[in-house]
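Values below: all heavy atoms of this structure, side chains included; hydrogens, waters and symmetry mates excluded. Bear in mind that the values here come from a model prediction, so they are computed numbers and not experimental data.
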Amino acid sequence: MSISYYDLNVSDEKINGVPVTDEVIQAWADEAERGYPVEQLRKRGRRPVGEGPGEVVPVRMDASLLQELSARAEHDHLSRSEAIRAAVRAWISAA
């Protein structure tokens, strides 16, 4: 037995707490058919973290260090990546 899109009850779906209705879907379709400015479409992806493209640097941490990092980042309202970058910058400038 296969299930199609029309078998689903879209009234139960929500985005940011707002119910997704047939009217909302139609409004999205109408907007897409009108088109989007190219400038708006090119703003996708991660924002730069410095000059030029960023490079992913994997780092291993034990569970307790990762937990402490997460707690400090949350306390300072930062992502873990932002907290790690701030710590590395402070370490480099202290040398």
Rounded distance (nearest 0.5 Å) linking atom CG of Asp76 with atom CD of Glu82: 10.5 Å
Closest approach of Pro58 and Val56, non-hydrogen atoms and distance? CD-O, 3.7 Å
Begin with the C-alpha distance, continue with both residues' side-chain angles, and end with the deciding distance and a verdict on side chain to side chain contact (heavy atoms under 4.5 Å, CB included) for Leu66 and Arg80. CA-CA 9 Å; Leu66 184 59; Arg80 289 193 310 205; 3.5 Å; yes
In short, Ala73 meets Ser79 closest at the heavy-atom pair CB-O, 3.8 Å
Side chain to side chain, Pro19 and Glu13, heavy atoms closer than 4.5 Å: no
Do side-chain atoms of Glu68 reach the backbone of Leu65 as a donor and acceptor pair under 3.5 angstrom? no
One should read off an interatomic distance between His75 NE2 and Ser70 OG, to the nearest 0.5 angstrom, of 14.5 Å
Does one hydrophobic cluster hold both Val59 and Leu78, with members joined at side-chain heavy-atom distances below 4.5 Å? no
Contacts table for residues 26-37: side-chain donor-acceptor under 3.5 angstrom, sequence neighbours left out:
residue	atom	partner	partner atom	Å
Gln26	NE2	Asp30	OD1	2.8

I need the Leu69 CG to Glu74 CD distance, nearest 0.5 Å. 11.5 Å
Please list all pairs passing the side chain to side chain donor-acceptor pair (under 3.5 Å) test where one or both residues lie in residues 86-95, with sequence neighbours left out. none
Keeping the roles fixed (side chain from Asn16, backbone from Val18), state whether a donor-acceptor pair exists under 3.5 Å. no
Side-chain heavy atoms of Met61 within contact of Ile84, under 4.5 Å: yes
